[in-house]
Amino acid sequence: MSNFRFLLSEPGFASFAEVAIAAEKILHIDPAACILNCRRSMEFAVKWMYSVDTELEMPYQDNLQSLMSREEFRAIVGNDLWQRMDFIRKKGNTAAHNTGKITEAVAMLCLENLHIFLDFVAYCYADTYEETKFDSALVPTGERIATAPAEPRNDEVDLAALIEENKKLKEQLTARREEQQQTYVPKPLDISEYETRKFYIDAMLEDAGWTEGKDWINEVELPGMPNKSEVGFADYVLYDDAHKPLAIIEAKRTCVDVSKGRQQAELYADILEKEYKRRPAIFLTNGFETHIIDGQYPERKCATIYSKRDLEKMFNLRTMRISLKNVMVKKNIAGRYYQKGAIKAVCDAFDKKNRRKALLVMATGSGKTKPSLLCAMCCCSKAG
């Protein structure tokens with residue numbers, strides 16, 4: 001028995017079905033090889049999607065990251081499923097380069113995420129579909145063996161050949177996917193906050209170059225909280241080289257809105273600001289969605305947690321910020337009245353309204369280049 005046996009009934013799924021089953025078989029023998037095969041199976045499935053779906057156009061490069069990063073692909077799979085896939089991709093890179101700990105628990109989560117993705121592929125493209133749920137009890141068990149680790153499969157998918165092979169199926173399968181996708185119900189991965197932190201948030205920090213116990217510390221005790229014990233514990237605190245807090249991270253489980261941790265995180269930031277005379281940035285995350293509150297602009301989504309150098313740069317730039325209130329433009333550079341008005345409007349947007357971007361719309365031949373360059377310089381001055 002296998003969690004991926006349902007794929008074998010569809011001939012077009014053979015390439016990634018076999019690799020998924022192979023990954024499942026070796027989980028308890030070699031977790032790293034299991035994750036590598038999860039990544040490979042996912043890559044084969046993604047390339048197969050590109051070969052049968054007219055909405056997906058080949059990017060300049062056909063590596064997995066490029067294929068997954070296309071807006072059209074992300075729109076098809078949705079954000080939650082894309083995040084699961086990205087977890088497999090990142091863990092596959094870690095396993096390939098031996099840059100981090102690989103545990104059976106992480107490999108099991110990669111298998112589960114792979115199952116959810118391949119179930120989506122089957123739902124959208126298969127001739128017939130029968131719902132299945134991932135069952136960890138179906139993963140073969142066995143004693144660890146003192147032999148060389150299992151080598152990952154070395155075969156690759158020729159995407160150009162696959163596209164040519166499936167050319168006649170494109171219209172049919174695209175229409176099927178467009179119809180089926182409307183009724184697909186995303187499968188929530190409801191895991192505990194601890195598991196969310198260990199599997200997803202820790203992975204983000206490792207990818208950003210943070211080192212646990214050195215510049216990243218868990219469960220930092222903070223006295224002075226407005227509760228009965230007068231003590232709180234920040235989930236994560238990130239430090240600079242002088243051990244001064246750069247950021248705090250408030251973690252929530254995968255299925256919880258990140259905004260629920262905002263008030264608590266603000267209280268932690270208040271305490272650290274009082275002690276260190278600098279307010280740390282705040283990251284709110286559930287592993288899939290991450291928000292940043294940097295004390296300069298309104299709370300906003302960000303792709304991932306910043307690296308130490310990026311946070312240090314952010315704080316350093318703040319010390320060099322200047323006001324745009326009295327910006328003067330030389331007439332021989334941009335002296336037309338509407339050029340001056342455009343520059344002033346952009347400066348006001350950055351300075352008074354605290355905007356992060358602006359758009360200039362001017363007619364052809366009216367002299368956009370110099371005002372645009374000056375506005376870009378003003379933006380840099382405001383940022384530092």
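It should be emphasised that the depicted structure is a prediction, and the values quoted were computed from it without experimental measurement.
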Do the non-hydrogen side-chain atoms of H28 and P140 ever get within less than 4.5 Å of each other?
no

Verdict with reasoning, E72 to I76, per side-chain contact (heavy atoms from CB on, under 4.5 Å):
CA-CA 6 Å; E72 297 83 358; I76 288 175; 5.6 Å; no

Which Ile, Leu, Val, Met, Phe, Trp or Tyr residues join V256 in one cluster when any pair of side-chain heavy atoms under 4.5 Å counts as a link?
none

According to a 4.5 Å side-chain heavy-atom criterion applied to Ile, Leu, Val, Met, Phe, Trp and Tyr, with indirect links allowed, do I292 and I305 form part of one hydrophobic cluster?
yes

Please check this pair: side chain of S41 against backbone of V19, looking for a donor-acceptor N/O pair closer than 3.5 Å.
no

I'd like to know if L238 and V258 are part of one continuous hydrophobic network [Ile/Leu/Val/Met/Phe/Trp/Tyr, side-chain heavy atoms within less than 4.5 Å].
no

Filter on ring pair (Phe, Tyr, Trp, His ring centres under 6.0 Å), then keep only pairs touching residues 167-186, sequence neighbours left out; what's left?
F120-Y184, Y123-Y184

Ignoring hydrogens and geometry, is there a side-chain-to-backbone donor-acceptor pair from W82 to M68 under 3.5 Å?
yes

Kindly give the heavy-atom pair with the smallest separation between F283 and A247, and that separation in Å.
CE1-CB, 3.8 Å

Measure the NE2-CG distance between H97 and N93 for me, rounded to the nearest 0.5 Å.
5.5 Å

Do I282 and M204 belong together in a cluster built from hydrophobic side chains that touch within less than 4.5 Å?
no

Is it true that I88 and F73 fall in one hydrophobic cluster, defined by side-chain heavy atoms closer than 4.5 Å?
yes

To the nearest 0.5 Å, tell me how far M49 CE sits from F16 CZ.
9.5 Å

If hydrophobic clusters are built by linking Ile, Leu, Val, Met, Phe, Trp and Tyr wherever their side-chain heavy atoms come under 4.5 Å apart, do L311 and Y268 end up in the same one?
no

Heavy atoms from other residues, nucleotides or ligands near NZ of K244 exceed 12 (cutoff 6.0 Å)
yes

Using modelled atom types and a 3.5 Å cut-off, is there a donor and acceptor pairing between side-chain atoms of E275 and backbone atoms of I271?
no

Separation between CZ (R262) and CG (L267), nearest 0.5 Å, reads 12.5 Å

Here the pair of heavy atoms bringing Y239 nearest to I217 is CE1-CD1, 3.7 Å

For residues W48 and Y125, establish whether the separation of their ring centroids is below 6.0 Å.
yes

Quickly, which of L8, L138, I21, D135 forms a side chain to side chain contact (heavy atoms under 4.5 Å, CB included) with S2? Name it, please.
I21

Is the side chain of Q180 donor-acceptor paired with the backbone N or O of C124 at a distance under 3.5 Å, no angle test?
no

Is the ring centre of F6 less than 6.0 Å from the ring centre of H115?
yes

What do the steps show when you test V361 against L359 for side-chain contact (heavy atoms from CB on, under 4.5 Å), and what is the final call?
CA-CA 6 Å; V361 181; L359 175 65; 4.0 Å; yes

Does E219 come within less than 4.0 Å of R197, counting only side-chain N to carboxylate O?
yes

Apart from Y60 itself, its cluster of hydrophobic side chains linked below 4.5 Å comprises none

For T285 and E289, indicate whether the former's side chain and the latter's backbone hold a donor-acceptor pair under 3.5 Å.
yes

Looking only at atom types and distance, does a side-chain atom of S307 sit under 3.5 Å from a main-chain N or O of G209, one as donor and one as acceptor?
no

Check: A122 main-chain N/O paired with D119 side-chain donor or acceptor under 3.5 Å
no

Heavy-atom pair of closest approach, residues E57 and Y50:
O-CE2, 3.4 Å

Would you check, one step at a time, whether the test side-chain contact (heavy atoms from CB on, under 4.5 Å) holds for L272 with I248?
CA-CA 9 Å; L272 290 173; I248 61 174; 3.4 Å; yes

Answer with yes or no after comparing the ring centroid distance for F87 and F199 against a 6.0 Å cut-off, counting only values under it.
no

Please evaluate residues V139 and F134 with respect to the criterion side-chain contact (heavy atoms from CB on, under 4.5 Å), reporting the C-alpha separation (whole Å), side-chain torsions for both, the decisive distance (0.1 Å), and the verdict.
CA-CA 10 Å; V139 178; F134 184 83; 4.2 Å; yes

List the steps and the verdict of side chain to side chain donor-acceptor pair (under 3.5 Å) for Y236 and D202.
CA-CA 10 Å; Y236 299 80; D202 285 9; 2.7 Å; yes

For S66, does its backbone N or O pair with a side-chain atom of S69 as donor and acceptor, under 3.5 Å?
no

With a 3.5 Å cut-off and no angle check, do the side chains of Y200 and N286 form a donor-acceptor pair?
no

Can you name the nearest heavy-atom pair linking W216 to L205, along with the distance?
CE2-CD1, 3.6 Å

Carefully, step by step, assess E43 and K47 under the rule salt bridge (charged side-chain N to carboxylate O under 4.0 Å, His left out).
CA-CA 6 Å; E43 181 175 356; K47 288 184 175 180; 3.3 Å; yes

Is it true that K90 and D86 make a salt bridge, defined as a side-chain N closer than 4.0 Å to a carboxylate O?
yes

Looking only at heavy atoms, what is the nearest atom pair of G232 and M225, with distance?
N-CG, 3.4 Å

Is it true that the NZ or CZ of R84 lies under 6.0 Å from the centre of F117's six-membered ring and within 45 degrees of the ring axis?
no

Rounded to the nearest 0.5 Å, how far apart are CG of D310 and CZ of F315?
12.0 Å

For P31 and E104, which heavy atoms make the closest approach, and how far apart are they?
CG-CG, 3.7 Å

Between K301 and T290, is there a side-chain heavy-atom distance shorter than 4.5 Å?
no

Side-chain contact test, heavy atoms from C-beta onward, threshold under 4.5 Å: evaluate it for K91 versus R39 and give yes or no.
no

Residues R279 and E266 bridged, charged N to O under 4.0 Å
yes

L81 versus I116: any side-chain heavy-atom pair under 4.5 Å?
yes

Strictly distance-based, threshold 3.5 Å: is any side-chain N or O of T103 a donor or acceptor partner for the main-chain N or O of V106?
yes

Please confirm whether the backbone N or O of E230 pairs with a side-chain atom of N227, one donor and one acceptor, at under 3.5 Å?
yes

Salt bridge (Lys or Arg N to Asp or Glu O under 4.0 Å) partner of D240, the single match among K313, R278, R309
R278

For the pair K277 and E273, find out whether any cationic side-chain nitrogen is under 4.0 Å from an anionic carboxylate oxygen.
no

So does D235 pair up with K252, basic N to acidic O under 4.0 Å?
no

Carefully, step by step, assess Q181 and R177 under the rule side chain to side chain donor-acceptor pair (under 3.5 Å).
CA-CA 6 Å; Q181 187 181 1; R177 190 265 304 161; 2.8 Å; yes

For the residue pair N113 and Q83, establish whether any side-chain heavy-atom pair is separated by less than 4.5 Å.
no

